[in-house]
Amino acid sequence: MSKFGLFGKFLVKEGERDRLVSILLEAADSMQKLKECEKYLVNISEEEPNSVFVYEIWSNENAHQASLSLEATQLLIERAKPIITGMERISTFQPMGGKDKN
């Protein structure tokens with residue numbers, strides 16, 4: 001099975017970007033326990049002050065889907081819902097290799 005990559009964008013209420021970043025960094029921390037999650041990076045852009053971008057690489061798409069049903073993930077989603085105004089799946093991709101600091 002091929003690796004699975006996802007680049008997504010969350011839109012948040014005015015002034016709530018840092019709060020969502022904090023919640024997503026908690027999610028990233030919880031992903032440390034999942035060997036199937038190879039990358040979970042939270043990013044911001046100064047050009048889009050009400051957006052947060054997440055870059056993920058998983059061992060496969062099923063592992064990504066399974067992570068969404070974990071209790072820790074569900075709790076973080078519930079905390080984030082009130083400040084999220086939209087989501088966009090910018091791209092899914094199949095990682096082929098390259099340089100990785102880890």
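Since this is a predicted model, take the numbers as computed values, not measurements. No hydrogens, no waters, no symmetry mates; every other heavy atom, side chains included, goes into these values.
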Quick check: is [Y] connected to [X] through a chain of hydrophobic side chains (ILVMFWY, heavy atoms under 4.5 Å apart)?
{"X": "Leu34", "Y": "Val42", "result": "yes"}
{"X": "Ile90", "Y": "Leu24", "result": "no"}
{"X": "Met87", "Y": "Phe93", "result": "no"}
{"X": "Ile57", "Y": "Leu68", "result": "no"}
{"X": "Leu75", "Y": "Leu25", "result": "no"}

Legend entry - Residue pairs fulfilling side chain to side chain donor-acceptor pair (under 3.5 Å) with at least one residue in residues 73-89, sequence neighbours excluded: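 Sorted pair list: Glu26-Arg79, Glu78-Lys81.
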Inset, instruction - Only counting residues at least two apart or in another chain, list the ones meeting side chain to side chain contact (heavy atoms under 4.5 Å, CB included) with Gln94. - result: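 Partners of Gln94 by the side chain to side chain contact (heavy atoms under 4.5 Å, CB included) criterion, ordered by chain and then number, come out as Ser2, Met96.
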Legend entry - side chain to side chain contact (heavy atoms under 4.5 Å, CB included) partners for Asn43, two or more places apart: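 Result, side chain to side chain contact (heavy atoms under 4.5 Å, CB included) vs Asn43: Leu41, Phe53, Tyr55.
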Atom of [X], atom of [Y] and distance for their closest heavy-atom approach:
{"X": "Ile44", "Y": "Ser51", "result": "CG2-O, 4.4 Å"}
{"X": "Pro95", "Y": "Gly5", "result": "CD-N, 3.8 Å"}
{"X": "Ser30", "Y": "Leu76", "result": "OG-CD1, 4.5 Å"}

Inset, instruction - Taking the side chain as every heavy atom from C-beta outward, state whether Glu56 and Val54 have any pair of such atoms under 4.5 Å apart. - result: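 Yes - at least one pair of side-chain heavy atoms lies under 4.5 Å apart.
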Inset, instruction - For the residue pair Trp58 and Ser67, establish whether any side-chain heavy-atom pair is separated by less than 4.5 Å. - result: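 Yes, close enough: below the 4.5 Å cut-off.
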Inset, instruction - Would you mind checking if Glu38 and Lys3 are paired as a salt bridge, meaning a charged N to carboxylate O distance below 4.0 Å? - result: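 Salt bridge flag = yes for Glu38 with Lys3.
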Which atom pairs, one a donor and one an acceptor, fall under 3.5 Å between side chains of residues 10-22 and the rest of the protein, sequence neighbours left out?
{"residue": "Lys13", "atom": "NZ", "partner": "Pro82", "partner atom": "O", "Å": "2.9"}
{"residue": "Glu14", "atom": "OE1", "partner": "Asn50", "partner atom": "ND2", "Å": "3.2"}
{"residue": "Arg17", "atom": "NH1", "partner": "Ser45", "partner atom": "O", "Å": "3.3"}

Legend entry - Tyr40: partners by ring-ring contact (aromatic ring centres under 6.0 Å, His included), with sequence neighbours left out: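 Partners of Tyr40 by the ring-ring contact (aromatic ring centres under 6.0 Å, His included) criterion come out as none, since no residue qualifies.
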Legend entry - With sequence neighbours excluded, residues passing salt bridge (Lys or Arg N to Asp or Glu O under 4.0 Å) with Glu48: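 Listed in chain order: Lys9.
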